[in-house]
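Just follow the structure's listing: the first ligand is 1, and inside any ligand the first atom is 1.
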Amino acid sequence: MRIGFFDSGIGGLALLEAALKAFPNNHYLYLADNAFAPYGDKTEEEIKQRCLAIQNYFECQDVEAIVVACNTATAIAIDEMRTKTALPIIGVEPAIKPAALSEQTDVAVLATKATLLSERYKKLKAKYDGKGVYESPCAGWVSALEENQRENWPNLLKSALAEIKENKVSHIVLGCTHYIGLKDRIQDYFGYALTFYEPTSGVMQRMKQILSESLEDSTQVLDVHLMATSSVDRLEEWAVRKSLKKHSVSVIDL
Ligand code: DGL
């Protein structure tokens with residue numbers, strides 16, 4: 001199968017990595033729309049416009065399924081994307097449900113501003129009324145990750161998480177794919193034991209349910225094409241770090 005993944009940048013690579021392990025024998029395209037990152041600070045119209053442009057691009061590349069590896073894009077645009085194509089589209093949402101069901105305790109949702117303000121997120125949250133749900137848009141985190149800034153993290157963590165820590169919340173929903181790789185930093189900042197909820201296994205289950213008949217199941221990754229709308233540096237670093245074999249990298253104009 002040819003499967004297209006996209007995110008505003010490097011966040012969705014966590015989902016691509018899981019898919020490469022779970023369903024190796026496929027062709028993967030990954031598009032980091034980093035010329036327009038962060039999505040979380042954009043208007044709904046801007047986010048929809050980018051998602052529809054990417055969907056159109058993937059269709060021209062003959063993909064057979066799209067994974068929206070971005071909570072923000074899913075929250076704002078997935079319904080409209082689905083009205084425009086017959087392709088299966090799999091999205092990602094903050095894992096509030098497992099967090100709320102697992103313990104009788106407050107949870108904190110870390111997600112972008114656009115996700116937290118979206119109707120889709122508000123509906124999801126309303127199902128778990130009665131629990132304390134703290135929220136933080138984690139301002140500046142996505143840009144710091146995209147630009148590989150290292151020195152700002154103590155301030156970024158404090159300004160995003162101080163209130164959650166004061167309230168001794170220990171169940172943390174990682175509601176932005178960029179934050180999946182930040183567990184250690186977040187854990188260090190809190191200093192007490194945390195339970196994280198992240199969407200990777202749920203997305204893999206969904207891929208299996210929806211694509212099972214078409215997903216190839218031998219053990220060889222066919223190839224991975226990594227693309228960005230601006231710099232490909234972070235994608236290249238990732239490919240090297242993960243010892244990705246059959247891959248190519250390119251900048252696209254979209
Ligand atoms: N990684 C994205 C998400 O899951 C988008 C972050 C952003 O661009 O603001 O929400």
message: Can you confirm if the NZ or CZ of Lys165 lies within 45° of the ring axis of Tyr189 and under 6.0 Å from the centre of its six-membered ring?
response: yes

task: Pull out every atom of ligand 1 sitting under 4.0 Å from any heavy atom of Gly40, numbered as shown with elements.
output: 7 (C), 8 (O), 9 (O)

- request: Heavy-atom contacts with Val142 under 4.0 Å: which atoms of ligand 1 show up? List them by number with element.
  value: 6 (C), 7 (C), 8 (O), 9 (O)

message: Below 4.0 Å, non-hydrogen atoms only: which portion of Ser8 touches ligand 1? Side chain, backbone, both or neither.
response: side chain

Asn71 neighbourhood, listing ligand 1 atoms whose heavy-atom distance to it stays under 4.0 Å: 3 (C), 4 (O), 10 (O)

query: Heavy atom under 4.0 Å from ligand 1: found in Thr177's side chain, backbone, both, or neither?
result: both

query: Does ligand 1 have a heavy atom under 4.0 Å from the side chain of Thr72, from its backbone, from both, or from neither?
result: both

query: Based purely on interatomic distance, does Asp41 place a nitrogen or oxygen under 3.5 Å from a nitrogen or oxygen of ligand 1?
result: no

message: Could you check whether Thr43 and Glu45, counting side-chain N and O atoms only, form a donor-acceptor pair closer than 3.5 Å?
response: no

task: Give the residue, atom name and distance (to 0.1 Å) of the protein heavy atom nearest atom 7 (C) of ligand 1.
output: Tyr39 N, 3.3 Å

- prompt: Between His247, Lys246, Lys245, His27, which is the residue that forms a side chain to side chain donor-acceptor pair (under 3.5 Å) with Asp223?
  reply: His27

- prompt: So Arg2 and Asp62, salt bridge (charged side-chain N to carboxylate O under 4.0 Å, His left out) or not? Walk me through it.
  reply: CA-CA 7 Å; Arg2 274 172 81 74; Asp62 295 326; 5.7 Å; no

- request: Using side chain to side chain donor-acceptor pair (under 3.5 Å) as the criterion, point out the one residue from Asp7, Thr112, Asp41, Thr177 that pairs with Thr72.
  value: Thr112

task: Taking only heavy atoms of Asp7 into account, list the atoms of ligand 1 that are under 4.0 Å away from them.
output: 1 (N), 2 (C), 5 (C)

task: Check the side chains of Thr74 and Glu93 for a donor-acceptor pair under 3.5 angstrom, ignoring hydrogens and angles.
output: no

- prompt: Which heavy-atom pair separates Pro94 from Thr115 by the least distance, and what is that distance?
  reply: CG-CG2, 4.2 Å

